[in-house]
Amino acid sequence: MRGRTLSAGTALAVFAGMTVTLAAQPATASPSTATTAVTRPIAAAAAALAAPDISVTNVQAHLTQFNTIATSNGGNRRAGSAGYTASLAYVKTRLQAAGYTVSEQYCSSCTYPSNNLIAEWPGGPADQVVMFGAHLDGVSAGPGINDNATGSSTLLENALVLASRNPTMTKRVRFAWWTDEEQGLNGSRFYVNSLSTTQRGYIKGYYNFDMVGSTNGGYFINRVSSTTAAPLKAYWDSLGLQPEENVEGQGRSDDYYFQQAGIPTSGYAAGASARKTSSQAAKWGGTANAAYDPCYHRSCDTTANVSATVLNRAADGVAYALWQLAVSGGTPSCTGGQVVANGGFESGSTPWTASSGVITNASGQPARTGSYKAWLNGYGSTRTESLSQSVSLPAGCATYTLSFWLHIDTAETTSSTAYDRLTVQAGSTTLATYSNLNAATGYVQRTLNVAAFAGQAVTLRFTGTEDSSLQTTFVIDDVTLQAS
């Protein structure tokens, strides 16, 4: 995990009923102690068993390989170094042998120019991608085993198990191992910036795994209360772990630039140099007022600096999430249907939130159907008006289409300058902008792809802004958001 903090923003139901005894670690035991028996809710246990058990021994074997690579190459696996190159070759060789489509992406803008490694499993629709990533580089001070061979090895073993099982896929699964994270998240930033808007829209969720074996570790989830985090949280909830928000890691790892690009993100972490609180030690075990990882960015970050218990729970949680999100039978089928209510504005203003007078049956502008429409602006003076509705998009559908009919009438005479604008947003993401330059006789249907927001609650917003002279009117009717 990168050391300096960047600024950054940003469940399934509780399972009830009968219990069954399974092999797992008690929630209050020390993170480094052996596995024993614990009861977990039977509904959660059955769901977890649908996904494969990831062998922590196999994950540890990858850690040993990375430690050996570092020892043979000056003691580290820093981006751009011989240790990093050998680490990438190790992962790439294993993935190619398993049948992955593997590519290297040269990060020319990285502090230490070197390659990202991208691997895609050839199954599931190409425009429905679930992505799992971890940074492969370490710092120059040591071999970088917890930070971040643990995340890299967890994903590698999950990728190999997926290939060996070869299940029917409902989504495309893409794995990534990033370079130059320690110098400023540069490899993942380079990748995100290389994607077109359409390609970004294909990625339905990005999951990041950075330091998932800390010896005094906690159980942290990025954006823990988000829909995207739900499968990760559900697995740890089934173990009684009571995971918390990854506050320490916000803006400090490779999910950051995905999140900034509007891609839903989550991930696991076990903690870095921050100190475990007394309440955390009470529920997770370990030592209060001591760092989660006492060897963070130090030479002692070797294979001895990893909790097998914490690592095992992260690896199995990744498998659970992957199966729930992308494997046939793992996720609910698309419920589909129309998610915008009162899209024709004929039932009053509910559930819309609108500026005064926007939803109207005034005769100056006709509705497309019925009597009511949303009429924004048209004053010929500086004014901003808005119209919004919060909607929940179901997960698992193939298409998500926002459609509305728009009539733009203007007194502007220019053919080149957009003086007055209508902006269409989903959350903070701008989907489209129209202006006086788009004026036309009558209504024109506008259709936008909102698949990037599948499985999320989001606010649809129309905002009209008008300058100080010459009116432009934006009239909206028959709004739909169809999932199918």
Side-chain angles (χ1 to χ4, degrees), residues 1 54-74 76-107 110 112-122 129-139 142-165 172-182 185-188 190-191 206-213 253-254 267-268 301-303 306 311 314-315 318-319 322:
M1 181 170 72
I54 302 300
S55 167
V56 72
T57 301
N58 290 351
V59 180
Q60 289 171 314
H62 299 313
L63 297 181
T64 299
Q65 289 295 322
F66 287 125
N67 201 91
T68 299
I69 287 169
T71 301
S72 301
N73 291 278
N76 68 77
R77 300 182 307 103
R78 193 212 70 199
S81 70
Y84 179 81
T85 301
S87 297
L88 187 146
Y90 172 72
V91 176
K92 182 178 181 179
T93 300
R94 298 297 303 273
L95 293 169
Q96 287 179 321
Y100 278 84
T101 302
V102 183
S103 62
E104 295 186 39
Q105 181 191 47
Y106 180 66
C107 178
C110 283
Y112 300 110
S114 45
N115 290 353
N116 292 320
L117 185 67
I118 312 296
E120 195 156 297
W121 183 243
V129 177
V130 182
M131 195 165 181
F132 297 81
H135 73 89
L136 186 58
D137 67 316
V139 295
I145 299 306
N146 187 40
D147 186 14
N148 183 38
T150 54
S152 294
S153 298
T154 292
L155 294 193
L156 175 57
E157 189 59 26
N158 266 275
L160 297 177
V161 170
L162 176 64
S164 68
R165 295 293 183 95
R172 184 72 55 93
V173 173
R174 184 180 302 159
F175 294 94
W177 287 264
W178 307 116
T179 190
D180 219 42
E181 188 267 1
E182 297 289 3
L185 321 181
N186 295 320
S188 54
F190 187 88
Y191 175 82
Y206 172 77
Y207 293 85
N208 195 68
F209 302 92
D210 191 351
M211 303 182 65
V212 293
S253 195
D254 292 299
Y268 282 150
D301 188 12
T302 66
T303 51
V306 174
L311 183 66
V318 172
L322 193 160

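Proximity of a side-chain donor or acceptor of Ser164 to a complementary backbone N or O of Val161 within less than 3.5 Å is detected. Between the side chain of Asn148 and the backbone N or O of His135 there is at least one donor-acceptor pair closer than 3.5 Å. With Asn115 contributing its side chain and Thr179 its backbone, the two residues share no donor-acceptor pair below 3.5 Å. One N or O on the side chain of Ser114 and one on the backbone of Tyr112 form a donor-acceptor pair closer than 3.5 Å. Panel note: side chain Arg77, backbone Leu136; a donor-acceptor pair is recorded below 3.5 Å. The backbone N or O of Ala176 lies less than 3.5 Å from no partner atom in the side chain of Tyr191, so there is not a single donor-acceptor pair. Proximity of a side-chain donor or acceptor of Ser152 to a complementary backbone N or O of Ala134 within less than 3.5 Å is not detected. Judged purely by atom type and a 3.5 angstrom limit, Asp210 uses its side chain to pair as donor or acceptor with the backbone of Met1.
Residues Thr154 and Tyr268 fail the side-chain proximity criterion, which asks for heavy atoms closer than 4.5 Å. No side-chain heavy atom of Thr303 sits under 4.5 Å from any side-chain heavy atom of Gln60. By the 4.5 Å heavy-atom criterion applied to side chains, Cys107 and Asp180 are not counted as neighbours. A 4.5 Å side-chain heavy-atom check between Ile54 and Asn158 finds at least one atom pair inside the cut-off.
Contact record, Asn146 with Gly213: OD1-N, 3.1 Å, taken as the closest heavy-atom pair. Closest approach of Gly133 to Trp178, counting heavy atoms only: CA-NE1, 4.0 Å. Contact record, Ser253 with Leu185: O-CD1, 3.5 Å, taken as the closest heavy-atom pair.
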| message | Please determine whether side chain to side chain contact (heavy atoms under 4.5 Å, CB included) holds for the pair Asn208 and Glu181, giving the CA-CA distance in whole Å, both sets of side-chain angles, and the decisive distance to 0.1 Å. | response | CA-CA 12 Å; Asn208 195 68; Glu181 188 267 1; over 6 Å; no

| Please walk me through it: do Tyr84 and Asn73 pass side chain to side chain contact (heavy atoms under 4.5 Å, CB included)? | CA-CA 9 Å; Tyr84 179 81; Asn73 291 278; over 6 Å; no

| said: Walk me through whether His62 and Tyr90 qualify under side chain to side chain contact (heavy atoms under 4.5 Å, CB included). | reply: CA-CA 9 Å; His62 299 313; Tyr90 172 72; 2.7 Å; yes

| task | Determine, step by step, whether Trp177 and Leu156 satisfy the side chain to side chain contact (heavy atoms under 4.5 Å, CB included) criterion, reporting the C-alpha distance in whole Å, the side-chain angles of both residues, the deciding distance to 0.1 Å, and the verdict. | result | CA-CA 9 Å; Trp177 287 264; Leu156 175 57; 4.2 Å; yes

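Ionic pairing of Arg78 and Glu182 is not present here: no N-O contact between side-chain nitrogen and carboxylate oxygen is shorter than 4.0 angstrom.
Applying the side-chain contact (heavy atoms from CB on, under 4.5 Å) criterion to Val173, with sequence neighbours excluded, gives Phe132, Leu162, Met169, Phe175, Leu322, Ala326. Scored by the side-chain contact (heavy atoms from CB on, under 4.5 Å) test, Thr302 finds Asn67, Pro143, Ala304 as partners (sequence neighbours excluded).
The line from CD of Glu120 to OG1 of Thr101 is 7.0 Å long, rounded to the nearest 0.5 Å. For the atom pair CG of Asn58 and CG of Leu63, the computed distance is 11.0 Å after rounding to the nearest 0.5 Å. Note: Tyr100 OH to Leu160 CG = 7.0 Å, rounded to the nearest 0.5 Å. In this structure, Thr85 OG1 and Lys92 NZ are separated by 11.5 Å, a value rounded to the nearest 0.5 Å.
With Leu88 as the partner, the side-chain contact (heavy atoms from CB on, under 4.5 Å) test is satisfied by one option alone out of Asn116, Leu117, Ile69, Asp137: Leu117.
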